[in-house]
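Working notes, beginning with the structure itself.
Quick note on labels: first sequence line is chain A, next is B, and so on, each numbered from 1. Quick caveat: nothing in here was measured; it's all calculated off a predicted structure.
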Protein chains: 2
Amino acid sequence: MEEKRECREDTLPLPPEVEKSLCRCGGIAGLVERLPEDETLARASALHRALADPLRLKVLAMLAVQPLCVCVIKAVLGIADSKLSYHLGVLRKAGLIAGEAQGNWIVYRLTDDGAAWAARPGMSHDDRSDTVDAERSRPAAGRRSRTSAE
Amino acid sequence: MEEKRECREDTLPLPPEVEKSLCRCGGIAGLVERLPEDETLARASALHRALADPLRLKVLAMLAVQPLCVCVIKAVLGIADSKLSYHLGVLRKAGLIAGEAQGNWIVYRLTDDGAAWAARPGMSHDDRSDTVDAERSRPAAGRRSRTSAE
DNA sequence: ACATTAGTTCAAAATAATTTGAATTAGAGG
DNA sequence: CCTCTAATTCAAATTATTTTGAACTAATGT
């Protein structure tokens, strides 16, 4: 039952730079230990999925200004009832917003989680738009495929 | 050319609570002015879309430990080459990681953006898993549909 | 009771993202 | 030159998300 951590990944040839640092962190086994649990990853990715749509981000931005009933949100976005309802449902199920009935209306507001995300950088009203794009994305800067270009 | 901002949204009956605060912020027009531009929303949602997958978050977590070649990432995740390549492509196009050729290998590392996101709460290794869930999501707490339940 | 308004739900259709496996490229080494 | 390995690309198949329009529910007012 020796648990002394082996340094070399004997079964896998590696680039020297990677092998050295991987060695210092306990090899592949050591690396794996440092990763979040699968459930943590699942929850985080689900959250991002809820935020992965411009309409939904716009709804969050609106609710960051003040609580609103569905009819106002609809008036601003100019989309069909059922479509809006779908997107509100996505945000609600993700725990980012909550709705409360008021007479014949439903007033939605941000939850604490929702408020935290609505305040995130890249979302504020007066945000840089630098457009560094292009030059981004390419397999490995000078290797593989002439067929590049997006 | 009067630009005095009207308070009442005459065309749209609203719940009193909403109407009052909407009034204070310049009505629907005032609300719209406070929203991020569409391009900002598009960029932010694209970013979240890249983060909206557990495998990809795991890759970010791995690269947060140290730069790695594709073969090590593959060994940890245990998925097919082409599948991994696809996900690396998504992260690369989102500007979260970058790859550099080293001999026959490609070593990927986090970009500054990638490092910022990998460090985000909800992603750290020893993170709470509280599971408040259930009780979340429901149209409006006591209105509409008996057909509830997810 | 009836009609209206505000929102949700459902199922089908349209789109988009992901997975799979085969083909391909490029570097290393014999 | 040939082969091996590392990794990417492509196209087809699968799966997930989004959109649409019609049907529905609940509250409000008459």
Between B:Asp53 and B:Val90, is any pair of side-chain heavy atoms under 4.5 Å apart?
no

Starting at NE2 of B:His48, measure out to CZ of A:Arg120 and round the result to the nearest 0.5 Å.
8.0 Å

Taking every non-hydrogen atom, the tightest pair across A:Ala50 and A:Leu96
CB-CD1, 4.2 Å

Rounding to a whole Å, what distance do you find between B:Leu88:CG and C:dT19:P?
13 Å

Kindly list each side-chain donor-acceptor pair under 3.5 angstrom involving residues 71-85 of chain B, sequence neighbours excluded, with atom names and distances?
unit_1  : atom_1 : unit_2  : atom_2 : d
B:Lys74 : NZ     : B:Asp81 : OD1    : 3.0

Using whole Å, what does the distance between atom P of nucleotide C:dT18 and atom OH of B:Tyr86 come to?
4 Å

Whole-Å distance separating the CZ atom of A:Arg92 from the C1' atom of C:dG7:
10 Å

How many angstroms lie between atom CG of B:Leu14 and atom CG of A:Leu68, to the nearest 0.5 angstrom?
9.0 Å

Which whole-number value in Å describes the distance from A:Ile106 CD1 to D:dA27 P?
10 Å

Please report, rounded to the nearest Å, how far the P atom of D:dC4 is from the CG atom of A:Leu12.
19 Å

Between D:dA6 atom C1' and A:Glu19 atom CD, what is the distance in whole Å?
16 Å

Using a cutoff of under 3.5 Å, can you pull out all pairs of nitrogen or oxygen atoms linking the protein to nucleotides 2-5 of chain C, with atom names and distances?
unit_1 : atom_1 : unit_2   : atom_2 : d
C:dT5  : O2     : A:Asn104 : ND2    : 2.8

Any B:Tyr108 side-chain nitrogen or oxygen under 4.0 Å from OP1 or OP2 of D:dT8:
yes

Could you state the atom-to-atom distance from CD of B:Gln102 to P of D:dA7 in whole Å?
11 Å

To the nearest Å, how far apart are B:Leu14 CG and D:dT28 P?
16 Å

Specify the closest pair of heavy atoms between A:Arg34 and A:Cys25, including all atoms of both residues, with the distance to one decimal.
NH1-O, 3.0 Å

If you take any heavy atom closer than 4.0 Å to DNA chain C, which residues from residues 46-63 of chain A end up in contact?
none

Closest heavy-atom pair, B:Pro67 versus B:Arg109, reported as atoms and distance to 0.1 Å, is CG-NH1, 3.5 Å

Can you tell me which residue pairs pass the salt bridge (Lys or Arg N to Asp or Glu O under 4.0 Å) test with a partner in residues 56-70 of chain B, sequence neighbours excluded?
A:Asp38-B:Lys58

Please name the residue in the list A:Leu110, A:Leu51, A:Leu91 that meets the side-chain contact (heavy atoms from CB on, under 4.5 Å) test with A:Trp117.
A:Leu51

Using a cut-off of strictly less than 4.0 Å between a heavy atom of the residue and any atom of DNA chain D, enumerate the qualifying residues of residues 75-85 of chain B by number.
B:Asp81, B:Ser82, B:Ser85

Shared hydrophobic cluster, B:Ile106 / A:Ile28 (ILVMFWY, side-chain heavy atoms < 4.5 Å):
yes

Sorted by chain and number, sequence neighbours left out, side-chain contact (heavy atoms from CB on, under 4.5 Å) with A:Pro15 holds for A:Val18, B:Cys69, B:Gln102, B:Trp105, B:Val107

Using a cut-off of strictly less than 4.0 Å, decide whether A:His87 has a side-chain nitrogen or oxygen near OP1 or OP2 of D:dT17.
no

